[in-house]
Amino acid sequence: MFLAAKTRSRPGEEFPDAGLAGSEIEVLGYRGMKEYVLSFDDFAVGAEGLLGAAEGEGFRQLMRTFEGARIQTAARAVGVARRAFDLGLCYAKERRQFGKPLTAFTRISDKLALMAVETLLARELTYFSARRKDSGIRCDTQAGIAKLLAARVAWSNADAAVQIHGGNGYALEYEISRVLCDARILSIFEGAAEIQATVVGRGLLGARR
């Protein structure tokens, strides 16, 4: 792995360095963070740019980042899940049908209750993994569990909140439509959900031997 310096961009000139080019990838959601296709063609990196000053270690270096990366992705997912819950609750309290707020209907209040329970569970698992990481204890299995669950909760909460909004939830003028799009990527970031399940399964099997 190499640390490659890039000249700070000026307006209208995103890639001023020779040998480095790219283009932005338009994405469904999560637009606060840009995605790019990068192309390197005779792009020079000095010998001091070799990460760790050791060749052949790139894959191991990358793998060591995943514990922390999955924990912070789980934390982001918890934030998305909580926002979806807040939007759903606020709308259900304000929106009235048949002379009553939506919260008076059991099917709506049940959705909100499950959203709150699962958000709390995902948050506590994320905190648990983070504490292990801070203590220097290996936590790849715990991080995988936290990320797997939190991403699923973010998506299910966003989906439930859209359902609570009804037709308005599909309108771009309502924030929940954006939250739904943002939630979808979380089960793909830092290892897709299928990879997380494999990591968790191997960790649990290894712990039982």
Side-chain angles (χ1 to χ4, degrees), residues 1-9 13-81 122-155 182-209:
M1 293 180 69
F2 295 91
L3 299 177
K6 174 184 176 295
T7 302
R8 187 177 179 85
S9 303
E13 188 184 30
E14 291 189 88
F15 296 96
D17 300 292
L20 175 59
S23 59
E24 184 179 350
I25 303 171
E26 295 293 333
V27 293
L28 180 66
Y30 226 83
R31 295 178 181 174
M33 183 176 69
K34 300 292 187 179
E35 301 283 342
Y36 284 87
V37 171
L38 294 179
S39 173
F40 298 90
D41 185 10
D42 289 331
F43 182 76
V45 178
E48 69 278 4
L50 179 63
L51 187 62
E55 294 183 16
E57 293 296 314
F59 183 75
R60 290 188 180 90
Q61 290 166 345
L62 180 62
M63 290 299 102
R64 283 198 294 269
T65 69
F66 276 126
E67 279 187 358
R70 286 166 180 165
I71 291 170
Q72 59 92 356
T73 300
R76 282 189 280 166
V78 170
V80 173
R123 188 188 73 180
E124 292 305 309
L125 277 170
T126 302
Y127 280 155
F128 175 73
S129 301
R131 284 192 292 267
R132 286 180 66 91
K133 181 68 175 176
D134 284 345
S135 299
I137 303 172
R138 183 175 177 179
C139 60
D140 53 341
T141 301
Q142 291 78 12
I145 291 172
K147 196 258 184 186
L148 180 63
L149 177 68
R152 291 179 65 179
V153 172
W155 174 253
D182 287 351
R184 187 60 188 89
I185 190 61
L186 293 166
S187 63
I188 299 173
F189 271 158
E190 306 299 346
E194 294 80 4
I195 296 297
Q196 300 310 302
T198 299
V199 170
V200 171
R202 287 176 178 172
L204 294 175
L205 290 172
R208 291 176 180 271
R209 289 173 184 166

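- Heavy-atom contacts from other residues, nucleotides or ligands closer than 6.0 Å to OH of Tyr30 number more than 12.
- Across Ser129 and Ala143, no two heavy atoms sit closer than the pair OG-N, 3.7 Å.
- Between Asp182 and Gly29 the shortest heavy-atom distance is OD1-C, 3.4 Å.
- Between Val27 and Glu35, the shortest heavy-atom distance links the atoms CG1-CG, 3.9 Å.
- Nearest heavy-atom pair, Ala150 versus Ala122, reported as atom, atom and distance to 0.1 Å: CA-CB, 3.9 Å.
- Panel note: side chain Gln61, backbone Leu51; a donor-acceptor pair is recorded below 3.5 Å.
- When the side chain to side chain donor-acceptor pair (under 3.5 Å) test is applied to Ser39, no partner is found at least two apart in sequence or on another chain.
- No donor-acceptor pair closer than 3.5 Å links the side chain of Asp41 to the backbone N or O of Gly19.
- Using modelled atom types and a 3.5 Å distance limit, the side chains of Arg70 and Thr73 yield no donor-acceptor pair.
- Across Ala154 and Ala183, no two heavy atoms sit closer than the pair O-CB, 3.7 Å.
- How far CD1 of Ile25 is from OH of Tyr36: 10.0 Å, rounded to the nearest 0.5 Å.
- Atoms CG and CZ, from Leu50 and Phe2 in turn, are 5.5 Å apart once rounded to the nearest 0.5 Å.
- Nearest heavy atoms, Thr126 versus Ala75: CG2-N, 3.8 Å.
- Around the CD atom of Glu55, the shell of radius 6.0 Å holds no more than 12 heavy atoms that belong to other residues, nucleotides or ligands.
- Among Gln72, Gln142, Lys133, Arg132, the one residue that satisfies the side-chain hydrogen bond (donor to acceptor under 3.5 Å, both in side chains) test with Glu67 is Lys133.
- Rounded to the nearest 0.5 Å, atoms CG (Leu38) and NZ (Lys6) are 9.5 Å apart.
- Under a cut-off of 6.0 angstrom, the local environment of CZ in Arg152 is sparse, with at most 12 non-hydrogen atoms contributed by other residues, nucleotides or ligands.
- Under the side chain to side chain donor-acceptor pair (under 3.5 Å) criterion, Ser187 pairs with Arg184, sequence neighbours left out.
- Separating the CG atom in Leu149 from the CD atom in Glu124 is a distance of 12.0 Å, to the nearest 0.5 Å.
- Within a 6.0 Å radius of CZ in Arg138, other residues, nucleotides and ligands contribute 12 heavy atoms or fewer.
- Here Asp17 contributes atom CG and Arg8 contributes atom CZ; the two are 13.5 Å apart, rounded to the nearest 0.5 Å.
- Of the inter-residue distances, the one linking Leu125 atom CG with Leu148 atom CG reads 10.5 Å to the nearest 0.5 angstrom.
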